[in-house]
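I have placed the structure first, in the form of structure tokens, so that the comments after it can refer back to it.
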Amino acid sequence: MNQNPQTQGAPHQKQSKGKVLWQLTRPHTLTASFVPVLIGTVLSMYTVEVNVWLFLAMLFACLFIQIATNLFNEYYDFKRGLDTAESVGIGGAIVREGMKPKTVLNLALACYAIAILLGVYICSSSSWWLALMGLVGMAIGYLYTGGPLPIAYTPFGELFSGICMGSLFVLISFFIQTGEVSTDSILISVPIAILVGAINLSNNIRDIEEDTRGGRKTLAILMGSKGAITLLGILFAISYAWVVALIIAGHVSVWTLVVFLSVPKPVQAMQGFLGGKRPANMIVAMKSTAQTNTFYGFLLSVGLFISYLI
């Protein structure tokens, strides 16, 4: 699925292969993997001494799974005729840059192979039950745009991405360090799941017209642009209100209020979407939504770490 808008209709210049490969990873979205792993690991510090190697293995396994998912999106969007030379977004390396479809597919499979190797190390150091969860997560990554009924063509893309790349990444990162899943870890994972889902929703808001032509039935299409933008704003509000609720309930300390320093980012995202469908507005909206997840998650980790030190 395309992840970063660019001016439609602008003259296109061929880029270096290295830059094309880098853009294929959708680098500005990769924090959606980094943030949950960081939060789960910092939270585990309250219970055990962190195993740095397990943290790094989990981090890179998640990154490679996400990169593979993005590559599958590129491959299957092309195969289904959704990506054209005029498509808005960073996707389209096949149609615009001349990259062979098989190369993109092989790169995705290679990323999965690396993730599996890292997963073997993680499982051998924690629990082999995680292998099942890992395989399910990889299957969902593939089925997002692959298979007979791609998840991306349904209203459930936000739900799957939020749970898998938000909550589960937090919980697994916590589990491999502590050997358990706590109530606090589950509750803290909720706003992260919401914001990961928000990234997906913002992408689908931008792509309403192209996705409609491609036969998709995303949540944004079913709700309409105005309704989807309203939902996005609600998701932002819930994610911040959730932290306040956790503080009141005694699950986290007041230091986690530092997440509110990231509020300008969702405000910018909403202003971008409400400002119309011009490419410049889409750039602001998409980047700000991704940055909301990054800054919110990083600041939440900072708040949890300060609480741990105190």
Residues two or more places apart in sequence or in another chain: which of them pass salt bridge (Lys or Arg N to Asp or Glu O under 4.0 Å) with Glu180? none

Which other residues belong to the hydrophobic cluster containing Leu117, where Ile, Leu, Val, Met, Phe, Trp and Tyr are joined when side-chain heavy atoms lie under 4.5 Å apart, directly or via other members? none

According to side-chain contact (heavy atoms from CB on, under 4.5 Å), who are the partners of Ser189, at least two apart in sequence or on a separate chain? Ser167, Val170, Leu171

Kindly indicate whether the side chain of Phe305, heavy atoms from C-beta on, has any atom under 4.5 Å from the side chain of Leu38. no

Ignoring hydrogens, what is the shortest heavy-atom contact between Met286 and Ser202? Give both atom names and the distance. SD-O, 3.5 Å

Approximate separation, where rounding is to 0.5 Å, of Tyr144 OH and Asn70 CG: 10.0 Å

Please lay out, stage by stage, how Tyr240 and Ser262 fare under the test side-chain contact (heavy atoms from CB on, under 4.5 Å). CA-CA 10 Å; Tyr240 287 94; Ser262 64; 2.7 Å; yes

Interatomic distance, OG1@Thr218 vs CZ@Phe156, rounded to 0.5 Å, equals 12.0 Å

Single-linkage hydrophobic cluster Leu246~Ile248, side-chain heavy atoms < 4.5 angstrom: yes

Can you list, pair by pair, the side-chain donor-acceptor contacts under 3.5 Å of residues 292-300, counting residues two or more places apart and other chains?
{"residue": "Thr292", "atom": "OG1", "partner": "Ser288", "partner atom": "O", "Å": "2.7"}
{"residue": "Thr294", "atom": "OG1", "partner": "Thr31", "partner atom": "OG1", "Å": "2.6"}
{"residue": "Thr294", "atom": "OG1", "partner": "Ala290", "partner atom": "O", "Å": "3.2"}
{"residue": "Tyr296", "atom": "OH", "partner": "Ser239", "partner atom": "O", "Å": "2.6"}

Nearest non-hydrogen partners of Cys62 and Phe169, listed with the distance: CB-CE2, 3.6 Å

What pair of heavy atoms forms the shortest contact from Ala61 to Ile122, and how long is it? CB-CD1, 4.4 Å

So, does Thr41 use its side chain to make a donor-acceptor pair with the main chain of Val37 at under 3.5 Å? yes

To the nearest 0.5 Å, atom OG1 of Thr289 lies from atom CE of Met270 at 9.0 Å

Taken to the nearest 0.5 Å, the spacing of Leu187 CG from Trp242 CH2 works out to 6.5 Å

In this structure, which one of Val196, Ile140, Asn200 forms a side chain to side chain contact (heavy atoms under 4.5 Å, CB included) with Met165? Val196

Does anything in residues 110-128 pair up under side chain to side chain donor-acceptor pair (under 3.5 Å), and if so which pairs, sequence neighbours excluded? none

Identify all side-chain donor-acceptor contacts of residues 249-257 below 3.5 Å with residues at least two apart in sequence or on another chain.
{"residue": "His251", "atom": "ND1", "partner": "Asp184", "partner atom": "OD1", "Å": "2.7"}
{"residue": "Ser253", "atom": "OG", "partner": "Trp255", "partner atom": "N", "Å": "3.2"}
{"residue": "Ser253", "atom": "OG", "partner": "Ser307", "partner atom": "OG", "Å": "2.3"}
{"residue": "Thr256", "atom": "OG1", "partner": "Ser253", "partner atom": "O", "Å": "2.7"}

In terms of hydrophobic clusters joined by side-chain contacts under 4.5 Å, are Trp129 and Ile116 together? no

Ala68 and Ala108: which non-hydrogen atoms are nearest, and at how many Å? CB-O, 3.5 Å

Taking every heavy atom of Thr178 against every heavy atom of Ser44, the minimum-distance pair comes out as CG2-CB, 3.6 Å

Membership question, hydrophobic clusters at under 4.5 Å side-chain separation (ILVMFWY): are Leu43 and Leu56 in the same one? yes

Tracing side-chain links under 4.5 Å among I, L, V, M, F, W and Y, which residues wind up in one group with Ile208? Ile221

Quick one: side-chain contact (heavy atoms from CB on, under 4.5 Å) partners of Ala285, sequence neighbours excluded? Phe273

Among residues at least two apart in sequence or on other chains, which ones pass side-chain contact (heavy atoms from CB on, under 4.5 Å) with Thr230? Ile234

Non-neighbouring partners of Tyr46 that pass ring-ring contact (aromatic ring centres under 6.0 Å, His included), sequence neighbours left out: Tyr308

Heavy-atom side-chain proximity of Ser225 to Ile229 below 4.5 angstrom: yes

Side chains of Phe72 and Leu105, heavy atoms from C-beta outward: is any pair under 4.5 Å? yes

Are any side-chain N or O atoms of Gln177 and backbone N or O atoms of Asn51, one a donor and one an acceptor, separated by less than 3.5 Å? yes

So which heavy atom on Cys164 is nearest to which on Leu168, and how close? O-CB, 3.5 Å

Can you list the residues that meet the ring-ring contact (aromatic ring centres under 6.0 Å, His included) rule with Phe55, with sequence neighbours excluded? none

Do you reckon Leu159 sits in the same ILVMFWY cluster as Leu222, going by side-chain contacts under 4.5 Å, direct or chained? no

Do the side-chain N and O atoms of Thr145 and Tyr75 include a donor-acceptor pair separated by under 3.5 angstrom? no

is_close_aromatic(Tyr76, Tyr142), centroid dist under 6.0 Å: yes

Is there side-chain contact between Val35 and Leu195, with heavy atoms separated by less than 4.5 Å? no

Taking the side chain as everything from C-beta on, heavy atoms only, tell me whether Leu219 gets closer than 4.5 Å to Asn204. no

Ile39 side chain near Val42 side chain, heavy-atom distance below 4.5 Å: no

Approximate separation, where rounding is to 0.5 Å, of Ile65 CD1 and Ile114 CD1: 11.5 Å

Do Val50 and Ile306 sit in the same hydrophobic cluster, where Ile, Leu, Val, Met, Phe, Trp and Tyr count as joined when their side-chain heavy atoms come under 4.5 Å apart? yes

By ring-ring contact (aromatic ring centres under 6.0 Å, His included), Phe60 pairs with (sequence neighbours left out) none

Could you grab the distance from atom CD of Gln291 to atom NZ of Lys265, nearest 0.5 Å is fine? 4.0 Å

